[in-house]
Amino acid sequence: MSAQAAVLITGASTGIGAVYADRFAARGHDLVLVARDQARMEELAARLRERDGVSVDILRADLASRADLAQVESRLVEDTRIGVLVNNAGASSPGTFVEQGPEAVGGIVDLNVTALARLAAAVGPRFAREGRGAIVNIGSVVGLAPEFGMSVYGATKAFVLYLSQALHLELGPKGVYVQAVLPGATRTEIWARAGKDVNALPAVMEAGDLVDAALVGYDRRETVTIPPLPDAQQWADFDAARFAMFANFGQSQPAQRYREAREAV
Ligand code: NAP
């Protein structure tokens with residue numbers, strides 16, 4: 001068993017989550033891997049145990065199932081070796097919002113929103129009590145851009161960004177680090193699972209490069225890490241524009257443009 005905090009990673013059977021497992025194991029952290037595909041996690045776990053001498057546990061769970069999710073929540077509450085939660089599992093679905101329909105839309109929200117928020121809610125109080133710990137939430141640049149045409153998926157990722165920023169404000173002063181990672185298009189199975197050809201995209205990042213950059217942001221204790229964004233000032237300007245509105249939100253009267261319209265009726 002490592003002296004460092006153990007890391008629980010959701011969606012660790014492949015893609016970005018499997019790379020997080022690889023990188024945290026290389027740093028000497030014990031791991032708890034969570035996903036549905038037991039065989040893939042066994043294979044990864046065997047490789048990392050052998051290579052890095054870390055302990056790797058596997059928790060098979062469908063995070064869209066409340067019963068399975070409850071088991072992962074309990075593990076986060078009870079296993080005080082776990083000091084880092086990587087909330088990575090996420091999915092989209094083929095088609096537009098209208099084509100997807102209520103089942104698929106609900107499934108995306110169950111995984112990308114409900115599971116992510118419940119796992120953070122399960123572990124957050126313990127981390128706050130202990131005055132340490134880290135929660136890494138994997139969002140997406142799609143959460144900033146409805147124009148990409150991935151309606152409910154993008155909306156769930158906007159939720160991930162908001163929740164991360166809010167938890168940073170709430171838990172940061174208690175010693176808990178919260179990071180939102182916003183990847184752009186990254187070469188993983190998520191594209192094929194959503195019925196899209198990753199090779200048709202104009203630019204795609206390799207998952208290893210994405211996670212290595214995200215971990216630079218992690219080590220710097222960034223709240224929001226956007227690995228593909230060349231100019232960090234653009235994010236700072238965007239955030240500053242949001243801040244500039246705050247002073248104007250508290251008003252006793254609607255804005256003049258709405259009053260004018262009502263007075264004209
Ligand atoms: P991926 O290759 O499809 O991997 C998704 C992981 O989540 C897999 O380990 C999968 O494992 C797990 N998962 C899916 N549904 C699950 C469920 N119901 N219960 C438990 N685990 C489940 O996708 P990825 O690209 O690595 O995605 C990782 C995160 O990055 C996601 O949150 C995604 O939204 C985000 N992201 C990806 C990109 C991109 O271009 N790749 C861009 C921006 C953001 P099992 O199938 O074994 O359960």
Side-chain angles (χ1 to χ4, degrees), residues 85-88 90 92 96-98 100 105-106 108-121 123-125 127-128 133-186 203 205 210 213-214 216-265:
L85 164 64
V86 181
N87 249 329
N88 162 79
S92 187
T96 63
F97 185 76
V98 167
Q100 284 166 345
V105 164
I108 294 168
V109 172
D110 286 346
L111 180 63
N112 297 8
V113 170
T114 306
L116 179 138
R118 288 189 65 113
L119 296 180
V123 85
F127 283 178
I135 300 173
V136 177
N137 294 321
I138 310 301
S140 169
V141 296
V142 179
L144 296 171
E147 291 75 10
F148 286 160
M150 300 166 76
S151 303
V152 70
Y153 175 79
T156 65
K157 295 303 181 177
F159 174 93
V160 172
L161 174 61
Y162 185 112
L163 185 71
S164 304
Q165 291 173 306
L167 292 184
H168 161 70
L169 294 173
E170 184 176 333
L171 298 178
K174 299 182 187 329
V176 183
Y177 169 55
V178 183
Q179 181 192 28
V181 176
L182 278 56
T186 307
M205 194 175 290
L210 180 274
V216 172
Y218 176 90
D219 292 336
R220 289 181 182 155
R221 293 303 191 243
E222 286 182 354
T223 306
V224 179
T225 298
I226 312 179
L229 187 68
D231 181 0
Q233 190 58 42
Q234 284 191 310
W235 170 258
D237 292 346
F238 179 77
D239 219 26
R242 194 172 60 78
F243 260 80
M245 284 190 291
F246 286 8
N248 301 325
F249 286 152
Q251 304 283 350
S252 57
Q253 292 294 318
Q256 181 63 24
R257 64 188 177 285
Y258 301 116
R259 290 214 305 274
E260 277 168 1
R262 284 177 56 198
E263 282 156 14
V265 173

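Quick note: numbers below take in every heavy atom, side chains included, and nothing from hydrogens, waters or symmetry partners.
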- CA sep, side-chain torsions, deciding dist, call: Val224, Asp239, side chain to side chain contact (heavy atoms under 4.5 Å, CB included): CA-CA 11 Å; Val224 179; Asp239 219 26; over 6 Å; no
- Query: Going through the checks in order, is the side chain to side chain contact (heavy atoms under 4.5 Å, CB included) test met by Phe127 and Leu171?
  - Reply: CA-CA 9 Å; Phe127 283 178; Leu171 298 178; over 6 Å; no
- Query: For Thr223 and Val178, what are the C-alpha separation, side-chain angles and deciding distance, and is it a side chain to side chain contact (heavy atoms under 4.5 Å, CB included)?
  - Reply: CA-CA 6 Å; Thr223 306; Val178 183; 5.9 Å; no
- Task: Let me see the working for Leu144 and Leu161 under side chain to side chain contact (heavy atoms under 4.5 Å, CB included), right down to the final yes or no.
- Result: CA-CA 9 Å; Leu144 296 171; Leu161 174 61; 3.7 Å; yes
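For the pair Asn137 and Ser164, the tightest heavy-atom approach, listed with the atom from each and the gap, is ND2-OG, 3.0 Å. When all heavy atoms of Ala203 and Ala185 are compared, the pair lying nearest together is O-CB, 3.7 Å. Closest of all the heavy-atom pairs between Pro173 and His168 is CD-O, 3.8 Å. The heavy-atom pair separating Gly139 from Pro183 by the smallest distance is O-CD, 3.3 Å. The heavy-atom pair separating Ala244 from Asn248 by the smallest distance is O-ND2, 3.8 Å. Across all non-hydrogen atoms, the minimal contact from Asn112 to Gly90 is OD1-CA, 3.3 Å.
A search for side-chain hydrogen bond (donor to acceptor under 3.5 Å, both in side chains) contacts involving Gln233 returns Asp237, not counting sequence neighbours.
The backbone N or O of Leu116 lies less than 3.5 Å from a partner atom in the side chain of Asn87, making a donor-acceptor pair. Using modelled atom types, one side-chain atom of Gln179 and one backbone atom of Ala214 make a donor-acceptor pair closer than 3.5 Å. Between the side chain of Thr186 and the backbone N or O of Gly184 there is at least one donor-acceptor pair closer than 3.5 Å. Side chain of Tyr177 to backbone of Glu222: a donor-acceptor contact under 3.5 angstrom is found.
Within a 6.0 Å radius of CZ in Phe246, more than 12 heavy atoms belonging to other residues, nucleotides or ligands are found. In Phe159, the CZ atom is crowded: over 12 heavy atoms of neighbouring residues, nucleotides or ligands sit closer than 6.0 Å.
For the pair Arg220 and Tyr218, the cation does not sit on the ring face, since its NZ or CZ is not both under 6.0 Å from the ring centre and inside 45° of the axis.
Interatomic distance, CG of Leu229 versus CH2 of Trp235, reported as 9.5 Å (0.5 Å rounding). Note that CG of Leu182 is 10.5 Å distant from CG of Leu210, once rounded to the nearest 0.5 Å.
With contacts defined as side-chain heavy-atom distances shorter than 4.5 Å, the pair Gln100/Ile108 qualifies.
Residue pairs meeting the salt bridge (charged side-chain N to carboxylate O under 4.0 Å, His left out) criterion with at least one member in residues 157-180, sequence neighbours excluded, do not occur.
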